[in-house]
Amino acid sequence: MPRLSEVIAALENLWPAERAESWDAVGTVVGDPDQEVSRVLFAVDPVQEIVDEAVKLDADLLVTHHPLYLRGTTTVAASTFKGRAVHTLIKHDIALHVAHTNADRADPGVSDALAGALDLRVVRPLVPDPTDPEGRRGLGRVCELDHPVTVRALAERAAERLPATAQGIRVAGDPEALVRTVAVSGGSGDSLFAEVRAAGVDAFLTADLRHHPVSEARAQSPLALLDAAHWATEWPWCELAATQLDEISDRHGWDLRVHVSRTVTDPWTAHAASAPTSNAMGAPN
């Protein structure tokens, strides 16, 4: 049975902390390096619901994509919701490790997992990592389809293949336009529009798209935009990461039991579609 320090070393080899963005907060949040690890749980969010799931599973290590303390803190009091998570983890001897933008940039990384879930063939990174001489690491991925599909069909594929959320998939652009090439980026992606246009793709699938960036992007090109839920675009990475750790465990003879949380932690819980309208007078006051 490996110690936490050994498992963390393996995870750091997959997602080195130095490859995270300067503003990010990755690495081990809680945990004794000498504690033994036999069961690991992967999830997107380090929220109390996931921490409680780790307790119920009798996990020794929780690995999440999102940081618990991205902007720092002055307290871990159990009266705060993040402090309560820390107290629960420590009380049950569960370590917490975070791989965020270092997992985004990895090869394979978050966007590779997203592309794989949609049966897209990865061609190259959307924003290559200049420190990678092989040109495989970086943010986002430029992908090809085996055969052209409409924007509508691509959106329906995303809705079917990604975990179900209240949002589903929103589309900006002509639903009947043909798509041969797609850029994907797990998580918030509307800061990447310049790179997406430069890539010359037909569509861009990401999350958290905002009104003004989308409006400006549509005015500059016929690029189709597909907006999925943030959590849904990053969840496939959990399965990829779990598979990677399983392979490491087998190689080292660790016999780890690796699990992926299927608890939906997307914060949106319901969706009411607007009624179709042909009113040319615009929106009501």
Side-chain angles (χ1 to χ4, degrees), residues 4-5 7-12 14-17 19-33 35 37-106 109-110 113-114 163 165 186-188 207-208 229-245 256-269:
L4 176 63
S5 57
V7 179
I8 295 301
L11 299 182
E12 286 284 355
L14 292 174
W15 317 299
R19 291 184 188 152
E21 299 286 349
S22 59
W23 49 263
D24 207 356
V26 301
T28 305
V29 181
V30 300
D32 180 349
Q35 74 183 70
V37 176
S38 65
R39 196 183 296 268
V40 182
L41 177 65
F42 282 86
V44 175
D45 297 304
V47 294
Q48 188 66 41
E49 191 174 7
I50 296 298
V51 171
D52 291 342
E53 182 178 347
V55 172
K56 185 176 181 180
L57 187 66
D58 197 24
D60 307 293
L61 171 61
L62 171 62
V63 181
T64 65
H65 182 52
H66 289 154
L68 179 64
Y69 288 108
L70 183 58
R71 294 175 177 83
T73 187
T74 58
T75 178
V76 291
S79 55
T80 66
F81 73 93
K82 292 188 177 184
R84 180 185 169 207
V86 170
H87 278 254
T88 305
L89 290 166
I90 293 175
K91 185 181 298 184
H92 292 88
D93 293 323
I94 303 172
L96 171 63
H97 187 80
V98 173
H100 192 211
T101 52
N102 46 335
D104 289 333
R105 289 183 169 182
V110 172
L114 174 57
T165 61
S188 304
D208 296 343
H230 188 120
W231 173 84
T233 64
E234 294 178 331
W235 184 85
W237 171 80
C238 294
E239 290 196 321
L240 169 64
T243 299
Q244 290 177 288
L245 184 56
L256 290 177
R257 287 162 289 178
V258 182
H259 305 263
V260 174
S261 173
R262 283 169 170 73
T263 302
V264 178
T265 54
D266 184 76
W268 304 103
T269 57

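Since the structure is predicted, the reported quantities are computational estimates derived from the model, not experimental observations.
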I90 CD1 to D32 CG distance, which is reported to the nearest 0.5 Å: 11.0 Å

Other residues, nucleotides, ligands: >12 heavy atoms within 6.0 Å of E21 CD: yes

Side-chain H-bond candidate by donor/acceptor type, D266 with T165, under 3.5 Å: no

By side-chain contact (heavy atoms from CB on, under 4.5 Å) - contacts of R262 (at least two apart): W235, E239, V260

All side-chain contact (heavy atoms from CB on, under 4.5 Å) counterparts of E53, not counting sequence neighbours: L41, I50, S261, T263

Contact summary for A43 and C238, nearest pair of heavy atoms: C-SG, 3.5 Å

Under 3.5 Å donor-acceptor, Q35 side chain and D93 backbone: yes

Shortest non-hydrogen contact between A207 and A229, atoms and distance: CB-C, 3.9 Å

Least distance between heavy atoms, A95 atom then G31 atom: CB-CA, 3.7 Å

Exam field: side chain E12 to backbone A17, donor-acceptor pair closer than 3.5 Å: yes

Pairs flagged by ring-ring contact (aromatic ring centres under 6.0 Å, His included) wherever residues 50-79 is involved - sequence neighbours left out: H65-H100, H65-W237, H66-H100, H66-H230

Nearest heavy-atom neighbours spanning V51 and L62: CG2-CD2, 4.3 Å

Closest contact, heavy atoms only, E49 versus V264: OE1-O, 4.4 Å

Backbone N/O of V76 and side chain of K82: donor-acceptor pair under 3.5 Å: no

V63 vs L61 side-chain heavy atoms within contact, under 4.5 Å: yes

Pair L70-D24, side chain to side chain contact (heavy atoms under 4.5 Å, CB included): steps then yes or no: CA-CA 6 Å; L70 183 58; D24 207 356; 3.6 Å; yes

Residue pair F42 / A242: nearest heavy atoms and the distance that separates them: CE1-CA, 3.8 Å

Side chain to side chain, V29 and H97, heavy atoms closer than 4.5 Å: no

Beyond-backbone contact of Q48 with T88, side-chain heavy atoms, under 4.5 angstrom: yes

Candidate pair L57 and R39, rule side chain to side chain contact (heavy atoms under 4.5 Å, CB included), full reasoning: CA-CA 8 Å; L57 187 66; R39 196 183 296 268; 3.4 Å; yes

Any side-chain heavy-atom pair of V44 and T64 under 4.5 Å: no

Side-chain donor or acceptor of D60 paired with backbone N/O of I94 under 3.5 Å: no

Any donor-acceptor N/O pair, T28 side chain to V30 backbone, under 3.5 Å: no

Main-chain N/O of N102 paired to R19 side chain as donor or acceptor, under 3.5 Å: no

From CZ (R257) to CG (L245), nearest 0.5 Å: 13.0 Å

Any donor-acceptor pair under 3.5 Å from R105 side chain to A20 backbone: no

Main-chain N/O of D104 paired to T101 side chain as donor or acceptor, under 3.5 Å: no

